[in-house]
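What follows is a set of notes on a single structure, which appears directly below.
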Amino acid sequence: IPVLQILSIGMCFAAMTGGITALLQAQGRFKLQMVWQLFNGLLFTVMMFASVTLGKEIAVSIAVLLFYTVTSPLGTYIAARPARVSYWRSASLFIWPVTGSCIACAVPLIMIQIGTMIANASSIIPPLDTSQRLIDFFECIVISLAGLSIYGILTAKLQKQSMHTVIQYL
């Protein structure tokens, strides 16, 4: 379901920024926190009204994705600015997970497409007479296992310290 897929990506950004409010409170920056929340509420409302007038559910889900994609790195930068953290350093917290996730999702999807093309083009393999639900379930399993494997490999190669921390907790 495309609407839920798009919303899920946006919610990943939202989940990564859960500590912004707590950090602003811990720093005693209550006025900035209030301004930030008002800004977010106003921007979200404007984006929702604009997306509803422009399109259907898909436009609203894209607006939610764009909202969190823009405000999450910006909020992280605002909260971490007293520690002299640059905007690009704040944004890099999002770049590697998003890049890894895109690669981890793209590879199994491509594998499924290639497998489907081979199965449809080959006269050796008889056509499947199973239900579409079973095929969809199989695709989900392949995508999940391949994506998880690829994401783990990318994390181990690109973010060695993060992977070491994750392994310590396991």
Side-chain angles (χ1 to χ4, degrees), residues 1-109 140-170:
I1 304 171
V3 171
L4 292 178
Q5 292 169 334
I6 294 168
L7 286 173
S8 295
I9 296 168
M11 292 304 108
C12 290
F13 279 90
M16 290 174 65
T17 58
I20 291 175
T21 303
L23 185 56
L24 289 173
Q25 288 175 351
Q27 294 169 344
R29 298 165 69 191
F30 301 108
K31 184 177 179 181
L32 177 61
Q33 178 189 359
M34 184 185 72
V35 170
W36 177 247
Q37 295 299 334
L38 288 172
F39 169 75
N40 279 336
L42 186 64
L43 179 63
F44 190 79
T45 303
V46 168
M47 290 180 75
M48 289 306 102
F49 278 122
S51 64
V52 166
T53 58
L54 293 175
K56 296 184 178 188
E57 303 88 17
I58 198 84
V60 174
S61 62
I62 291 171
V64 171
L65 169 67
L66 291 174
F67 171 79
Y68 284 115
T69 304
V70 171
T71 59
S72 295
L74 182 61
T76 303
Y77 167 68
I78 290 169
R81 191 175 49 185
R84 293 186 173 81
V85 175
S86 70
Y87 177 77
W88 296 112
R89 176 71 177 134
S90 299
S92 72
L93 296 172
F94 298 90
I95 291 171
W96 285 117
V98 169
T99 303
S101 297
C102 288
I103 293 170
C105 290
V107 171
L109 287 172
C140 288
I141 296 297
V142 170
I143 290 169
S144 298
L145 293 176
L148 183 61
S149 301
I150 292 166
Y151 192 75
I153 292 167
L154 287 172
T155 303
K157 295 291 182 192
L158 300 175
Q159 297 287 328
K160 292 177 183 171
Q161 182 61 37
S162 297
M163 190 64 173
H164 179 69
T165 304
V166 168
I167 290 172
Q168 275 183 326
Y169 286 108
L170 294 178

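In what follows, residues are counted from 1 in the order of the sequence shown.
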Those residues that, when tested against Phe44, pass ring pair (Phe, Tyr, Trp, His ring centres under 6.0 Å) (two or more places apart): Phe67
Can you find a heavy atom in the side chain of [X] that is under 4.5 Å from one in the side chain of [Y]?
X     : Y     : value
Ser86 : Arg81 : no
Gln37 : Thr21 : yes
Gln27 : Leu32 : no

- request: Go through the steps to decide whether Ile78 and Trp36 satisfy the test side-chain contact (heavy atoms from CB on, under 4.5 Å), and finish with yes or no.
  value: CA-CA 9 Å; Ile78 290 169; Trp36 177 247; 3.6 Å; yes
Straight-line distance of [X] [atom1] to [Y] [atom2], nearest 0.5 Å:
X     : Y     : atom1 : atom2 : value
Gln33 : Leu38 : CD    : CG    : 10.5 Å
Thr69 : Leu74 : OG1   : CG    : 12.5 Å
Lys56 : Ser51 : NZ    : OG    : 14.0 Å
Ile20 : Thr76 : CD1   : OG1   : 4.0 Å
Leu23 : Gln25 : CG    : CD    : 10.0 Å

query: Does the pair Val64 and Met48 meet the rule for a side-chain contact (heavy atoms from CB on, under 4.5 Å), with working shown?
result: CA-CA 8 Å; Val64 171; Met48 289 306 102; 3.6 Å; yes
statement: Tightest non-hydrogen contact, residues Pro73 and Ala91, listed as CB-CA, 4.4 Å
- request: Mind listing the closest non-hydrogen atom pair of Arg29 and Ala79 along with its distance?
  value: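 Closest heavy-atom pair between Arg29 and Ala79: NH1-O, 3.5 Å.
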message: Taking Ala50's backbone N and O only, do any of them form a donor-acceptor pair with Thr53's side chain (distance below 3.5 Å, no angle check)?
response: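 The answer is yes, because a donor-acceptor pair under 3.5 Å joins these two groups.
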